[in-house]
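Quick notes on the structure that follows.
Naming: A, B, ... by sequence-line order, numbering from 1 per chain.
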There are 2 protein chains.
Amino acid sequence: MRISQLSRESTVPVATIKYYLRERLLHEGQLTSATQASYDESHVRRLRLIRALIVGAGLSIAVTRDLLDGVDAPPESGHDLLGIAHHALIAPTAADVDTTAVDALLDQWGWDTHGCDSAAKAAVAGAIDGIRAAGFELPEGMLDTYAGAMHTVASAEIAGVPTDSAEAAVHYVVLGTVLVEPLLLALRRLAQQSASRARFGAMPL
Amino acid sequence: MRISQLSRESTVPVATIKYYLRERLLHEGQLTSATQASYDESHVRRLRLIRALIVGAGLSIAVTRDLLDGVDAPPESGHDLLGIAHHALIAPTAADVDTTAVDALLDQWGWDTHGCDSAAKAAVAGAIDGIRAAGFELPEGMLDTYAGAMHTVASAEIAGVPTDSAEAAVHYVVLGTVLVEPLLLALRRLAQQSASRARFGAMPL
DNA sequence: AGTATTGGAGAGTTCTACTATCTAAGTCAA
DNA sequence: TTGACTTAGATAGTAGAACTCTCCAATACT
């Protein structure tokens, strides 16, 4: 199919498709002449994925490219699946964040400290710092509640990683990490509303 | 104190403070003359909060203003606390999203369907749609796992709402909702790394 | 008296994610 | 074969967001 039909099938404007081609988010079509290229189903799928990442998950073009590069690249070792997603996603935090407090928390929760890279720990430390800097105090034990809930989530997710093919595993881990984030936050808000009604009664319409 | 010292104490440039004043994120100082105003501790605290919301939680100026307006306003009814945070946070989704599937899920989970506004339901429906549109399939039962974890989180949060003063309650709910989001996501990633190491062994450094 | 700072307003900058225009080279229907 | 339409590829332009800079008259310190 030609670019105009690709645009129709994906509901992405032609100019935007060209932009994604330039930005190397979308692989080029098969050139059939100097001014003609043909695109196929793989381009439609890819465009849907790109839009889900940019519009749905709110990623930038640059982060999206990093992520897609990771999904496309043949995973050499197979065990740094998460690295692909996490390195692209975790904001480049200044490494000067003190993560010893986080290490202590991980110990306390029984998490594998050595299995976690420092950037991820710095992200947690930064999030806690941000909360404190805002003048907000987490209630006693709340951090443990959060950790427990996220442990439950992550365990189920990792348990579900397909092992039949490396491609499937990367696809599952990388996309699952980022695409599910909006869902989790939306579910939390919904659960808050439900719990709030249970405790306080009436709720806004 | 004058604006230059406020800038020093908050590490926010003078020009940016002036910008926040123009955007009504920060309340004005007490004018002592035509070209002099004095700022106090409340301005320092407020600036820290603003930065936490914008830099930490990644909110836009407009959303931050809505949120702060909500925190500042005297809560008239006391029971639509969440509305203040959620209406500002939940992206204005096109109301054409079909939420009947979400209603069914809420029933299944035993959540109070009537205590949840349709925008929040639409956000969940939209998140699920986005995942599906990306060509990603949630493993069997994973949605229930997510719901359960978020129910645990939300219940603990709502249980901790202070009831001594309406101001404290609004502060807790509105800021807790948004400031904790980065923490939850960071914890999930850390938990994924820990669980991944437990299942697959080695991990990236 | 003279240097520095401030409030306030407006203009300018940078970045991101598109969107539009243009040209030469095709394609296709009559 | 003619003429309208489409396309690839390059370049330039746009809109919005979040600052950042410049200016000026009016103080404030020294």
Under 3.5 Å: donor-acceptor pair, side chain of B/Ser60, backbone of B/Val63
yes
Let me know the distance between CD of A/Glu23 and P of D/dA10, rounded to the nearest Å.
13 Å
Is it the case that the side chain of B/Arg197 and the backbone of A/Thr113 share a donor-acceptor pair, with hydrogens and angles ignored and the cut-off at 3.5 Å?
no
If only side-chain N and O atoms of B/Ser33 are considered, is one of them under 4.0 Å from the OP1 or OP2 phosphate oxygen of D/dA28?
yes
Once you round it to whole Å, what is the distance between C1' of D/dC19 and CD1 of B/Ile50?
14 Å
Distance check needed: D/dA17 C1' versus B/Tyr20 OH, whole Å only.
12 Å
In whole angstroms, how far is the C1' atom of C/dG8 from the CG atom of B/Leu21?
10 Å
Please work out which residues in residues 10-18 of chain A have a non-hydrogen atom less than 4.0 Å from an atom of DNA chain D and list them by number.
A/Lys18
Rounded to the nearest 0.5 Å, the CD atom of B/Glu157 sits from the OG1 atom of A/Thr145 at a distance of 9.0 Å
Just the rounded figure in Å: distance from C1' of D/dT7 to CE of A/Met1.
16 Å
Integer-rounded Å distance: C/dT6 C1' and B/Arg8 CZ:
13 Å
Checking C/dG7, D/dT7, C/dC18 against the side chain of B/Tyr39 (C-beta onward), the nearest is C/dG7
What do you reckon, is CZ of B/Arg199 surrounded by more than 12 foreign heavy atoms closer than 6.0 Å?
yes
Is there a residue in residues 59-66 of chain A whose heavy atoms reach under 4.0 Å of DNA chain C, and which residues are they?
A/Ser60, A/Ile61
Pairwise 5' ranking along DNA chain D for B/Val55 and B/Ala34, keeping only the more 5' one
B/Val55
Pair A/Glu23, A/Ile50 - check side chain to side chain contact (heavy atoms under 4.5 Å, CB included), show working.
CA-CA 12 Å; A/Glu23 291 291 326; A/Ile50 292 170; over 6 Å; no
Please state whether the base of D/dT20 and the side chain of B/Arg22 form at least one donor-acceptor pair under 3.5 Å?
yes
Among C/dA17, D/dA25, D/dA8, the one nearest any side-chain atom of B/Thr35 is D/dA25
Between C/dT6, C/dC18, C/dG26, which nucleotide gets closest to the side-chain atoms of A/Gln36?
C/dG26
Backbone N/O of B/His151 and side chain of B/Ser155: donor-acceptor pair under 3.5 Å:
yes
Is it the case that over 12 heavy atoms from other parts of the model lie below 6.0 angstrom from the CD atom of B/Glu137?
no
Would A/Arg51 and A/Tyr20 count as a side-chain hydrogen bond (donor to acceptor under 3.5 Å, both in side chains) if you check the C-alpha gap in whole Å, the side-chain angles of each, and the deciding distance to 0.1 Å?
CA-CA 11 Å; A/Arg51 295 305 286 180; A/Tyr20 291 159; 2.6 Å; yes
What orientation do B/Trp111 and B/Trp109 show, parallel under 30°, tilted 30 to 60°, or perpendicular over 60°?
tilted
Side-chain N or O of B/Tyr19 less than 4.0 angstrom from OP1 or OP2 on C/dG10?
no
For A/Asp72, the option from A/Arg24, A/Arg46, A/Arg65 that meets salt bridge (Lys or Arg N to Asp or Glu O under 4.0 Å)
A/Arg46
Nucleotide D/dT7, atom P - distance to NE2 of A/His43 in whole Å:
15 Å
From the candidates D/dC19, D/dA8, C/dG7, the one with an atom nearest any side-chain atom of A/Leu31 is D/dA8
To the nearest Å, how far apart are B/Leu25 CG and D/dC19 C1'?
12 Å
